[in-house]
Amino acid sequence: MTRKIIIDTDPGQDDALAILLAFASPELDVLGITAVAGNVPLALTELNARKICELAGRADSKVFAGADRPLMRLLVTAEHVHGKTGLDGPDLPEPSMPLQKQHAVDFIIETLRREEAGSVTLCALGPLTNIAQVLIRAPELVPRIREIVLMGGGFFEGGNITPTAEFNIYVDPHAAQLVMQSGAPVTILPLDVTHKVLTTARRLDRFRAMGTKSGDASVALLEFFERFDEEKYGSDGGPLHDPNVIAYLLRPELYGGRLCNVTIETSNELTLGMTVADWWGVTHRPKNAFYIRDVDDEAFFDLLIERIGRLP
Ligand code: RIB
Ligand code: CA
C-alpha cells in the first residue's frame with residue numbers, strides 16, 4: 001500500500017534532494033508538487049520544481065504554483081544561500097513539462113476532498129503559506145489530513161535566519177501558528193535534527209560514484225548549498241534539511257522525538273518566528289506536535305544515497 005503525499009516546497013537545493021528521494025521511493029505516491037515563495041520568489045520555485053521533476057524522469061508529475069508571499073508579512077528570500085536562481089549548482093535544462101493552471105491551494109483542497117479521508121500526508125519543505133491557506137479556506141478538511149510533516153523551526157539549536165528563528169517559520173510565522181493550532185497531526189523536523197545530518201566530503205563522494213545524471217546533479221546541488229553553512233559553522237559539509245521529511249516517512253525508526261507543545265512567536269520583533277518547544281512539559285499547553293531531535297545520520301545517508309542511486 002503506497003502512502004499518498006503532496007510535497008509543498010520552495011526549491012532550494014535541499015528541497016530538490018527531498019523531491020528526488022520521494023520519486024525514487026516506490027512506497028510513496030506523489031499526488032502533486034505545490035510551489036510556494038520562500039528561498040526565492042514563486043516564479044522561480046515553481047520553475048525549479050519542474051526542473052527537478054524532469055531531472056528525476058518524472059515529467060508526468062503535476063506542479064502547481066501557490067502563494068507568492070506570506071499571509072501577512074512581506075516576502076523574505078534566501079538567495080545568499082541558494083543562489084539567484086534558487087537552484088544554483090547544476091545547469092539544469094529549461095523544463096518542457098507545463099505548470100498546472102490550477103492554484104496550488106485549490107489542488108490541495110480538491111485532493112483532500114477526493115482522496116479517502118486520512119489518506120493524504122502533506123509534506124511541507126518551505127514556508128507554510130499554502131498549507132495555512134488550505135486551513136483558512138477549508139477548516140472542515142483538517143480531519144481528512146493524515147499528517148502534516150514539516151521541516152521547520154529549531155529550539156535547542158536556535159535559529160538560522162535570526163538567532164531564534166529558522167527560515168521557513170520566520171518567513172511566514174502566522175501561517176506556522178495556524179498549522180500548529182489546526183488540530184491536524186503535525187510532525188516537525190527542526191534544525192535540532194537537521195543539523196545532525198551533514199553533507200561531508202565522504203558522503204558527497206558516494207553521490208559522485210553513482211555516475212548518473214541525478215547523482216552528478218546532487219553533487220553540484222550539495223556542493224553549492226553547503227558552502228554557506230560550512231563557512232558559518234566551520235564544519236565538514238552543511239546540514240541537509242528537507243530530505244529528512246521524506247526519510248521520516250520512509251523510515252520513522254531512524255528518528256527520535258516526543259509529543260510536546262510548540263507555539264510560534266508571531267508578534268515580538270526580536271524573536272519573531274521562534275518555535276517555542278515545551279520539551280519538558282512545564283506548561284499545560286496542548287501537546288500539538290511530534291518534535292524530532294534525534295536521527296541515525298549514517299542510516300539517513302545510506303537511505304538517501306541508495307534511493308537516489310536508483311534514478312536516471
Ligand atoms: O531553514 C532551512 C529551510 O529553509 C529549508 O527548507 C531550506 O530549503 C529553506 O527553505
Ligand atoms: Ca525548503
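Note that ligands are numbered from 1 as they come in the structure, with each ligand's atoms numbered from 1 the same way.
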Next item on the list: Return the orientation label for the F107 and F64 ring planes: parallel under 30°, perpendicular over 60°, tilted otherwise.
Entry: parallel

Next item on the list: Answer yes if the ring centres of F224 and H82 are under 6.0 angstrom apart, and no otherwise.
Entry: no

Checklist line | Derivation and outcome, side chain to side chain contact (heavy atoms under 4.5 Å, CB included), residues L240 and L198 | finding: CA-CA 6 Å; L240 186 51; L198 298 180; over 6 Å; no

Next item on the list: Tell me whether V197 is reachable from L221 by hopping between hydrophobic residues (I, L, V, M, F, W, Y) whose side-chain heavy atoms are closer than 4.5 Å.
Entry: yes

Notebook entry, point to check: Does any N or O in the side chain of Q181 come within less than 3.5 Å of the main-chain N or O of G183, such that one atom is a donor and the other an acceptor?
Noted result: no

Next item on the list: Let me know which protein residues bring a heavy atom to under 4.0 Å of ligand 1; chain then number is fine for ordering.
Entry: D10, D14, D15, N39, H82, L125, M151, N160, E166, F167, N168, H241, D242

Check: Closer than 3.0 Å to the Ca ion (ligand 2), which protein N, O or S atoms?
Finding: D10 OD1, D15 OD1, D15 OD2, L125 O, D242 OD2

Item checked: N/O donor-acceptor pair under 3.5 Å between D14 side chain and D242 backbone -> yes

Next item on the list: Using the test ring-ring contact (aromatic ring centres under 6.0 Å, His included), find all partners of F23 that sit at least two apart in sequence or belong to another chain.
Entry: none

Check: Backbone N or O of T9 within a donor-acceptor pair of the D15 side chain at under 3.5 Å?
Finding: no

Next item on the list: If a pair satisfies salt bridge (charged side-chain N to carboxylate O under 4.0 Å, His left out) and one of its residues is in residues 71-98, list it, with sequence neighbours excluded.
Entry: K51-E94

